[in-house]
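For reference, the structure is listed below as structure tokens.
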Amino acid sequence: MSGVAGKVVVVAGASSGMGRATALAAAREGADVVLAGRNAAALDEVAASSGGLAVPTDATDPEAVGRLVARALDRFGRIDALINAVGTNLRQRSLGQLTAQSWAMMLDTNLTAAFNLTRAVVPPMRERGDGLIVHIASVAARRPDMSGVSYQASKAGVAALAHATMEEERQNGIRVTALLPGLTDTPLGLQLPTPPDPAMLARALKPEDIADTCLFLLRLPARAHVAELVLVPSR
């Protein structure tokens, strides 16, 4: 047994990129995966490949997230883990280019969605006295770069949400990890103001690297907690 087999894993942002790779990898290890995302057609494709339960969900909507968790509990009776891979960025990302509307959209998608997901899965995990939450933030939460002030602020908030939730819920058997990847070859990761050159692409992480890291966290026993994990290209 891999330590992943038989677990019920909700993957938010499962329609593409890191979330898709994680859902497929967890399913290959024998997990029951619940797939959440806004792109219903893409979710159906991942469901066909993974055998997972596709639940089209806008994670910025707390009622939609509540329905997601209810569907998971109705089908499987529990949620062992949440992998939150929801996120976005803008090409027009500098301080001078941001508007009040684009700032609000970034915080809503990257941070409020993480809060909605956390608030929805914690009660059933608390009731069982066990559960793992992995929030995929970004190394930009810790290292200033040119990914944009709204992206960095929102991802720093996701990391803070992870750590604060852990402090509140550790006595209830819930573990929370902030996973902070660097440049990754995904549609979002490469949505740069200047298109990446081949050398940059060759050095970038792959979605499967993040998926393997999530599987590592899923395999850990309940006595072990990784508070924060930074994963960056080696070159």
Side-chain angles (χ1 to χ4, degrees), residues 10-19 22 36-39 55-69 79 81-95 97-123 125 131-169 174-184 186-189 191-192 210 213-214 217 226-231:
V10 175
V11 183
S15 58
S16 67
M18 300 174 188
T22 301
R38 289 186 288 193
N39 188 329
V55 185
T57 304
D58 179 354
T60 68
D61 178 354
E63 292 185 359
V65 173
R67 290 191 293 270
L68 163 69
V69 170
I79 296 173
L82 164 70
I83 308 295
N84 169 30
V86 174
T88 193
N89 204 350
L90 300 163
R91 289 191 184 276
Q92 306 297 316
R93 62 182 60 175
S94 69
L95 185 60
Q97 294 171 317
L98 283 171
T99 65
Q101 292 74 26
S102 60
W103 168 268
M105 182 279 292
M106 288 292 292
L107 264 65
D108 204 29
T109 303
N110 290 347
L111 182 53
T112 301
F115 166 73
N116 289 339
L117 290 160
T118 301
R119 187 173 63 168
V121 300
V122 159
M125 288 181 175
L132 172 67
I133 299 171
V134 179
H135 285 300
I136 301 178
S138 168
V139 72
R142 295 288 176 258
R143 304 177 185 176
D145 60 21
M146 297 302 290
S147 59
V149 294
S150 61
Y151 183 79
Q152 292 179 59
S154 60
K155 289 299 187 178
V158 171
L161 171 69
H163 296 315
T165 304
M166 179 64 191
E167 289 309 302
E168 290 190 13
E169 296 297 332
I174 299 173
R175 296 168 294 144
V176 191
T177 297
L179 174 55
L180 278 52
L183 180 67
T184 306
T186 66
L188 171 63
Q191 186 180 319
L192 305 172
I210 284 73
T213 305
C214 289
L217 295 168
V226 177
E228 186 170 293
L229 198 159
V230 176
L231 181 69

Contact summary for [X] and [Y], nearest pair of heavy atoms:
X: Ala137; Y: Pro181; result: O-CD, 3.7 Å
X: Ile83; Y: Thr22; result: CG2-CG2, 4.1 Å
X: Ala59; Y: Val86; result: CB-CG2, 4.3 Å
X: Val11; Y: Gly19; result: CG1-O, 3.4 Å
X: Ser150; Y: Leu107; result: O-CD1, 4.3 Å
X: Thr88; Y: Tyr151; result: O-CD1, 3.4 Å

Salt bridge (charged side-chain N to carboxylate O under 4.0 Å, His left out) involving Glu228 - partner list, sequence neighbours excluded: Arg142
My understanding is that only residues two or more places apart in sequence, or in another chain, count here; which of them pass salt bridge (charged side-chain N to carboxylate O under 4.0 Å, His left out) with Glu63? none
How long is the span from the [atom1] atom in [X] to the [atom2] atom in [Y], to the nearest 0.5 Å?
X: Leu217; Y: Thr177; atom1: CG; atom2: OG1; value: 5.0 Å
X: Asn110; Y: Leu161; atom1: CG; atom2: CG; value: 12.5 Å
X: Ser147; Y: Arg93; atom1: OG; atom2: CZ; value: 6.5 Å
X: Met125; Y: Ile79; atom1: CE; atom2: CD1; value: 6.5 Å
X: Trp103; Y: Leu95; atom1: CH2; atom2: CG; value: 9.0 Å
X: Asn89; Y: Thr109; atom1: CG; atom2: OG1; value: 10.5 Å

Do the side chains of Ile136 and Cys214 get nearer than 4.5 Å, heavy atoms only? yes
Between His135 and Thr165, does any side-chain donor sit less than 3.5 Å from a side-chain acceptor? no
Passes side-chain contact (heavy atoms from CB on, under 4.5 Å), Val10 versus Val121? Steps please. CA-CA 9 Å; Val10 175; Val121 300; 5.6 Å; no
Run the side-chain contact (heavy atoms from CB on, under 4.5 Å) test against Thr213 and tell me which residues pass, sequence neighbours left out. Leu179, Leu229, Leu231
Of all residues at least two apart in sequence or in a different chain, which pass the side-chain contact (heavy atoms from CB on, under 4.5 Å) check with Ser94? Gln97
Kindly say whether Val55 contributes a backbone atom to a donor-acceptor pair with the side chain of Thr57 at under 3.5 angstrom? yes
If only atom types and distance count, is the side chain of Ser102 paired as donor or acceptor with the main-chain N or O of Leu98 below 3.5 Å? no
Residues two or more places apart in sequence or in another chain: which of them pass side-chain hydrogen bond (donor to acceptor under 3.5 Å, both in side chains) with Thr60? Asp58
According to salt bridge (Lys or Arg N to Asp or Glu O under 4.0 Å), does anything in residues 152-169 pair up with another residue at least two apart or in another chain? List the pairs. Arg126-Glu169, Glu167-Arg170
